[in-house]
Amino acid sequence: MTIELILRNKILEAISQLYGQEAAPESVQLQSTRKEFEGDITLVVFPFVRMSKKSPEQTAEDLGNYLQNNVEEVSGFNVVKGFLNLSIASSYWVNVLADAYSAAQFGIKEATEDSPLVMIEYSSPNTNKPLHLGHIRNNLLGFSLCEILKANGNKVVKTNIVNDRGIHICKSMQAWLQQGNGETPESSGLKGDHLVGKYYVLFDKQYKSEINELVAQGMSKEEAEQNAPSMVAARELLRKWENKDTATIELWKTMNGWVYKGFDVTYKNLGVDFDKIYYESDTYIVGRDEVLRGLSEGIFTQKEDGSVWADLTAEGLDQKILLRSDGTSVYMTQDIGTAKERFNDYSIDKMVYVVGNEQNYHFQVLSILLDKLGFEWGKGLQHFSYGMVELPNGKMKSREGTVVDADDLMDGMIEVARQTSKELGKLEGLSETEAEYTFRTIALGALKYFILKVDPKKNMLFNPEESIDFNGNTGPFIQYTYARIQSVLRKATDQQINITTPACNLELAGKEQELIKKIAQFETTIKEAGDMYSPALIANYVYDLVKEFNQFYHDFSILKEENEERRNLRLVLAGTVAKVVRSGMKLLGIDVVERM
RNA sequence: GCUCCGGUAGCUCAGUUGGAUAGAGCAACGGCCUUCUAAGCCGUAGGUCAUGGGUUCGAGCCCCGUCCGGAGUACCA
């Protein structure tokens with residue numbers, strides 16, 4: 001039982017004993033005491049003054065006395081205005097540390113047979129271009145969320161829906177057919193996804209110049225957009241694809257194959273993976289069948305032109321198209337099909353979509369539509385909505401080429417890490433491969449931490465030149481502190497120091513106790529991060545812990561401490577901080593290094 | 001127009017269910033490598049929490065209005 005729980009119960013008891021009234025459990029507000037005051041845990045007494053009919057100060061005195069006399073762990077108290085600051089005995093904190101130190105998985109809950117199964121969709125790329133910075137935020141958030149939910153005792157299935165069909169890939173195909181001269185990743189030396197992306201850009205260039213030409217000939221802009229030869233050809237490819245034309249299907253398979261190979265490399269470098277991948281070329285048919293069923297059951301309506309609609313005005317929303325007048329599927333249709341497939345394949349307790357906030361409306365509608373179609377899980381779908389990544393000069397537009405490419409970004413950061421390491425002379429004693437691994441880990445740590453430390457809900461600004469740093473509140477700073485702790489622990493081993501679980505009744509120094517308190521918060525932080533879907537809570541927690549440790553490290557010596565008991569305690573403290581940092585970073589998908 | 005989200009230091013961001021004197025990092029300035037890793041530590045400076053009201057013992061946080069920014073808004077995904 002944690003100290004908070006013990007106090008909570010005793011405070012309710014105290015109020016009942018002292019004032020003869022029952023206080024609501026949620027009126028007990030405990031918080032950690034601010035640094036400028038003495039004490040560890042603070043009770044806010046304002047909610048109880050009505051019951052005590054005394055001043056806040058006097059009420060706090062009453063409660064303080066009661067708790068000191070009736071709770072073993074409470075070693076003292078002081079009152080400042082309406083705040084009761086309780087001091088908790090050192091022995092309690094030493095025990096907390098001992099528990100954390102010896103626990104195999106401190107703060108992490110393992111899933112069991114009957115744990116809920118959560119399926120999390122993230123990444124969800126189109127197959128016509130390489131991944132960019134926006135995808136990076138998605139992938140990092142998705143992966144981290146999976147880790148956090150696992151740590152909260154859930155079974156997790158990581159899934160990806162690949163948008164492999166549609167007009168976008170046909171545009172790349174069309175440009176490749178017209179201008180490609182049979183170019184392949186092998187012949188060009190380009191990564192597959194970049195090669196296909198190159199033709200997507202070429203298509204757009206060509207398309208735009210055709211429009212300009214037609215407009216110059218006197219056609220209206222709308223007409224020109226419809227009648228530009230490139231677009232006509234791309235639409236023809238889409239039609240052929242839907243009719244299963246052999247050559248078209250073959251080309252589609254080949255080019256998608258190139259892209260998948262490229263994606264695999266990016267995913268691997270980013271350190272994310274999936275348990276199950278769905279393809280929209282499979283699920284859109286399921287979705288279309290569901291929509292047609294809905295139509296025949298009178299849930300949806302059809303217009304004269306043949307298009308199928310859902311009327312959501314009763315729910316306060318608009319009318320939503322589900323099938324185009326030519327019978328083809330839209331985005332929504334595919335998501336209906338994908339959802340149905342998933343719930344067929346797994347016994348899902350909770351389905352989470354990691355998708356940008358531009359699609360808030362889409363998921364609101366999807367949930368209602370599935371509910372209308374009679375799927376009892378429809379209402380329970382959860383959209384983990386995150387903000388956009390903006391650049392200093394505005395937002396990213398793939399067509400305008402103002403995107404930050406994922407591969408380029410990672411390569412660039414690894415290069416910076418390599419240079420910085422060399423300048424700082426951090427390489428000595430490391431083999432070539434060890435050094436490379438270290439650069440990579442640091443660079444990825446910087447990138448991941450930078451993105452994950454921001455509240456997912458908010459838009460964030462990313463300045464490629466300036467944003468990424470290796471100093472201050474960054475991934476490398478945390479990795480560095482971890483490496484230094486490892487170094488101390490190695491030296492302890494070299495000096496034949498035997499580290500044992502602390503069972504002493506040493507009086508703790510202020511900073512030692514601060515650190516233990518911080519360590520004790522790991523468990524609740526994981527829970528909160530799981531409840532709120534916020535890797536940022538973990539990131540900020542780990543930073544605070546590391547910052548706290550650095551101050552401790554600066555003020556106290558560990559190995560040079562002469563009192564053996566105290567030295568042991570501090571080694572245990574350092575080791576536990578390292579352990580918490582390692583698991584915290586793992587929840588963010590960030591690796592740590594033994595030396596840097 | 002309507003709906004949703006946001007606005008905290010020059011910049012990037014934290015800020016627990018409403019609690020004490022709003023915190024970090026970057027950038028600037030000053031100090032610290034004969035001390036367990038200086039990718040570090042210490043210090044100085046930097047704030048009308050967009051704005052006007054309201055709720056209450058107490059508001060950066062909750063409610064209403066205004067301003068600014070972003071996203072979505074019926075045959076793109």
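Throughout, protein chains are lettered first and strands after them, A, B, ... in sequence-line order, and every chain is numbered starting at 1.
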From the options B/rC41, B/rG19, B/rA20, select the nucleotide whose nearest atom is closest to the side chain of A/Phe46.
B/rG19
For the residue pair A/His132 and A/His135, does the interplanar ring angle fall in the parallel (under 30°), tilted (30 to 60°) or perpendicular (over 60°) class?
tilted
Complement of B/rG1, any strand, by Watson-Crick or G-U distances under 3.5 angstrom:
B/rU73
Which base sits across from B/rU48 as a Watson-Crick or G-U pair, both distances under 3.5 Å?
none
N/O donor-acceptor pair, side chain A/Lys426 with base B/rU37, under 3.5 angstrom
yes
Between the base of B/rA20 and the side chain of A/Thr42, is there a donor and acceptor pair under 3.5 angstrom?
yes
For the side chain of A/Gln551, starting at C-beta, report the closest nucleotide among B/rU35, B/rC41, B/rU37.
B/rC41
Regarding the side chain of A/Glu390, the nearest nucleotide among B/rU37, B/rG70, B/rC75 is B/rG70
Which is true for A/Phe37 with a 4.0 Å heavy-atom rule: it touches a base, it touches only sugar-phosphate, or it touches nothing?
base
Regarding A/Asn360 and A/Ser385, do their side chains bring together a donor and an acceptor under 3.5 Å, going by distance alone?
yes
Flag this pair as yes if the NZ/CZ of A/Arg165 is under 6.0 angstrom from the six-membered ring centre of A/Tyr279 and inside a 45 degree cone about the axis; otherwise no.
no
Classify A/Met388 by what it touches in the nucleic acid, base, sugar-phosphate, or nothing, heavy-atom distance under 4.0 Å.
nothing
Could you classify B/rC33 for me, syn or anti, using a glycosidic angle within 90° of 0 as syn?
syn
Quick one: label A/Val44 by what it contacts on the DNA or RNA (base, sugar-phosphate, nothing), any heavy atom closer than 4.0 Å.
base
Which nucleotide, in any strand shown, forms a Watson-Crick or G-U wobble pair with B/rC41, with both distances under 3.5 Å?
B/rG31
Less than 3.5 Å between a donor and an acceptor, one on the side chain of A/Asn471 and one on the base of B/rA27, is that the case here?
no
Considering only B/rC36, B/rA77, B/rA20, which nucleotide approaches the side chain of A/Gln359 most closely?
B/rA77
Please check if the number of heavy atoms outside A/Lys457 that lie under 6.0 Å from its NZ is greater than 12.
no
